[in-house]
Amino acid sequence: MAKKTVNNDILLANIIKGIEEVKGNDIDILDLREIDNSACDYFIICNGNSNTQVNAIVTSVQKTVSKELKDKPWHVEGAENAEWVLMDYVNIVVHVFQKHIREYYNIESLWGDAKITTIQNKY
């Protein structure tokens, strides 16, 4: 049975909704489609203030995407420590950091050619 394809724009919107529902901070969307040999189309990067909030963001994204799109991540990594959790939705990879870990790795700078869209907090 073939896996159904989820529209990237709809998936992006639902991931952002999941992050915002638990007050995830500093949401950036990196558009990687114009970069040769990129592993996916988009990175979504955000951060929480504690491991509890990082886990809440991950859970919220999973619940929102599952409820709205009947989809789940292909792979989730880092949930044990909740310092940097990676959620792989194949075309979209979500990085949820604790703030100090995000600042340390600064992965936005590694993808300097990507078009970055910052989502303003609604709270």
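- Remark: the Asn106 side chain and the Ser109 side chain contain an N/O donor-acceptor pair separated by less than 3.5 Å.
- For Arg102 and Asp28, the salt-bridge test passes: some basic side-chain N is under 4.0 Å from an acidic carboxylate O.
- Ile101 and Val85 end up in different hydrophobic clusters when Ile, Leu, Val, Met, Phe, Trp and Tyr side chains are linked at under 4.5 Å.
- Side-chain atoms of Asn81 never come within 3.5 Å of backbone atoms of Glu83 as a donor-acceptor pair (strictly under, hydrogens ignored).
- Ring geometry, Trp84 versus His95: the interplanar angle falls from 30° to 60°, so the pair is classed tilted.
- The hydrophobic clustering, which links ILVMFWY residues whose side-chain heavy atoms are closer than 4.5 Å, places Tyr105 and Val94 apart.
- Panel note: side chain Glu68, backbone Ile10; no donor-acceptor pair is recorded below 3.5 Å.
- Atom OG in Ser50 sits 13.5 Å away from atom NZ in Lys99 (nearest 0.5 Å).
- Residues Tyr42 and Leu12 are in side-chain contact: their nearest non-hydrogen atoms beyond the backbone lie under 4.5 Å apart.
- Under a hydrophobic-cluster definition in which Ile, Leu, Val, Met, Phe, Trp and Tyr are linked whenever side-chain heavy atoms come within less than 4.5 Å, directly or via other members, Val96 and Tyr104 are assigned to different clusters.
- For the residue pair Gly24 and Asn121, the shortest heavy atom distance occurs at O-OD1, 4.0 Å.
- When Val61, Ile92, Ile15, Ile57 are each tested for a side-chain contact (heavy atoms from CB on, under 4.5 Å) with Met87, only one passes: Val61.
- Remark: Leu30 CG to Phe43 CZ distance equals 7.5 Å, nearest 0.5 Å.
- Contact of the Gln53 side chain with the Asn55 side chain is not registered, since no non-hydrogen atoms from C-beta on lie closer than 4.5 Å.
- If you take CD1 on Ile35 and CG on Asp41, they are separated by 11.0 Å, rounding to the nearest 0.5 Å.
- The structure places CD of Glu103 at 8.5 Å from CG of Asp26, a figure rounded to the nearest 0.5 Å.
- Nearest heavy atom pair, residue Val93 against residue Cys40, reads CG2-SG, 3.7 Å.
- The closest side-chain heavy-atom distance from Ile119 to Glu20 is below 4.5 Å.
- Between Trp74 and Tyr89, the ring centre distance reaches or exceeds 6.0 Å.
- In this structure, Glu108 contributes its side chain and Ala114 its backbone to no donor-acceptor pair below 3.5 Å.
- Rounding to the nearest 0.5 Å gives a distance of 8.0 Å between CG of Asn91 and CG of Leu11.
- Trp111 is listed as a side-chain neighbour of Leu32, based on a closest heavy-atom distance under 4.5 Å.
- Among residues at least two apart or in separate chains, there is no side-chain hydrogen bond (donor to acceptor under 3.5 Å, both in side chains) pair with a member in residues 56-67.
- Looking at Asp88 and Val76, their side chains never come closer than 4.5 Å, going by heavy atoms from C-beta outward.
- Linking ILVMFWY side-chain heavy atoms closer than 4.5 Å, directly or via other members, places Val22 and Ile29 in a single hydrophobic cluster.
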inquiry  = Go through it in stages, so that I can follow the logic: the residues are Asn51 and Gln98, the test is side chain to side chain contact (heavy atoms under 4.5 Å, CB included), and I'd like the CA-CA distance, side-chain angles, deciding distance and then a yes or no.
reply    = CA-CA 7 Å; Asn51 60 345; Gln98 285 189 36; 3.4 Å; yes

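- In this structure, Phe97 is not a member of the same hydrophobic cluster as Ile16, with clusters built from ILVMFWY side-chain heavy atoms closer than 4.5 Å.
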inquiry  = Using the rule given for side chain to side chain contact (heavy atoms under 4.5 Å, CB included), can you reason through Ile27 versus Ile44, listing the C-alpha separation, both sets of side-chain angles and the distance that settles it, and then say yes or no?
reply    = CA-CA 7 Å; Ile27 305 168; Ile44 299 179; 4.2 Å; yes

query = Can you list the steps and then say if Asn14 with Leu69 is a side chain to side chain contact (heavy atoms under 4.5 Å, CB included)?
reply = CA-CA 8 Å; Asn14 279 280; Leu69 304 176; 3.9 Å; yes

